[in-house]
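Chain letters run A, B, ... following the sequence lines, proteins first and then strands; every chain starts at 1. All values below come from the heavy atoms of this structure, side chains included, with hydrogens, waters and symmetry mates left out.
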Amino acid sequence: MDCVTCREVIQRYIDGELDDGRVVEFQRHLSFCGDCAAELQGIAAARAVLRAAREVTVDVPAGFADRVTAALEAQPEPSALERALATATGGVLPGRVPRRIRHYGYYVLAFAAVVIGLQRKYGHKPGEGEVKV
Amino acid sequence: MTPSNLPDHTDLPEPSPHDIAAAAAGDREAFRRIVERYQGMVYTMAYNLLGNHVDAEDASQEAFLRLHQKLGGFRGSSTFTTWFFRLALNAIIDYQRRFRKYGALPDVPEPVADPVAEVLRRDGYARVMRALADLPPDYRLPLVLRDLYGLRYGEISDALDRPLGTVKACVHRGRTSLRLRLQAGGGLDEEA
Ligand SMILES: [Zn+2]
C-alpha cells in the first residue's frame, strides 16, 4: 500500500469498515510510514475528543424553562386549520414560531387561503377535499 | 436511531408514568418538571449540532414544544429518555433544515501532522466546542451525530435525508477539518 491509498482508507479503518486483508496492508504501511501514522493518530484523536464530549453539558441559559413555559402558555388551543398547518410545517404550532420563519408561515397561510378559495370557486361538494384532522 | 451510549446529563430519575400522563393531559407544572429534567440534554444537543447559542435556544424550545404535542403518544416501549432523545434530535435537525441550505462542500486544506491530544489536554472542551462551532454545518451535523452521539451512518443518512456516500464523505472531511482547527487554533479567540 502506498501513501495515497493509505490516506484514502484511513477513515474507513477508523470506522472499522476495512476488511481484514486491507487492515493488514494498512498496518504494514503505518509500520514504516511516520507521516501516515501521524495522520491516523491525529484523526483518531479528533474522534476520541468528540466521543469524550458526550459527557459534557453546555450551560443552559438562565430562564430557559420559563421561556418554554411562557411559549406554551402563549399557544391558544389550536384550531383544526392550525393543526393541519402545523403538520405541514413540521410540527410547529403558532404562538412560538421562530422569528425567522414567521414570514414563511404567512406564505403557507396565504397558500392555504388560495387553495380553499379555489375549492369553493370550483364547487366541490361539501365535505370533499377538506383537510382531515 | 438509538445511540449505543445515550448521554444523560443529570442524575435525576426519569419522569414517572404518572408525571408523563399528567403533563400530556395539560398539567403545566408536570411538564415544567420534564423541561427542567431534560433541558441540559436538549440544549447541549442543539448547541453541539447547530454551533451557536441563538439557534440552540430556538431549536431547544421547538424540541420541547414538539414534546408537549407528542407526549400523549409515548407508549413506554423504550425509556422516556431514549424516546425523547430521538424526538429532540429530529426537531433540531428539522430546525436546521428550515434555515440552512446545504451548499457545495468546502475544500479541506492539506493536513499537517501534529498531535491533537496535547492541544486538548491544554485547552479542554471549550476549545473543542469552538472548533466544532466553526465547522460548516454540512460537516458539523453528520460529524456530531456520528462521533459524538455514535449513530450509524445509515441512521444519519435517514435523519438528514442525505445519501449515504455524502454523509460518509462529510464525516470524513469533518474529522479532518476539526483536527486541523484544533491543531492550528483554527482562528479561535482565546478567552481569559
Ligand atoms: Zn504513508
Do NZ/NE/NH1/NH2 and the carboxylate oxygens of R37(B) and E14(B) come within less than 4.0 Å? no
R22(A)/E17(A) salt bridge by N-O under 4.0 Å criterion: no
Testing the 3.5 Å rule here: is there a donor-acceptor pair between the side chains of D15(A) and Y153(B)? yes
Bottom line for L143(B): the part with an atom under 4.5 Å from chain A's heavy atoms is both
Determine, for E155(B) against R152(B), whether the closest basic-nitrogen to carboxylate-oxygen distance falls under 4.0 angstrom. yes
Heavy-atom pairs under 4.5 Å with chain B: which of I14(A), D66(A), I10(A) has the most? D66(A)
Measure distances from H68(B) to the heavy atoms of chain A and classify the residue's part below 4.5 Å as side chain, backbone, both or neither. side chain
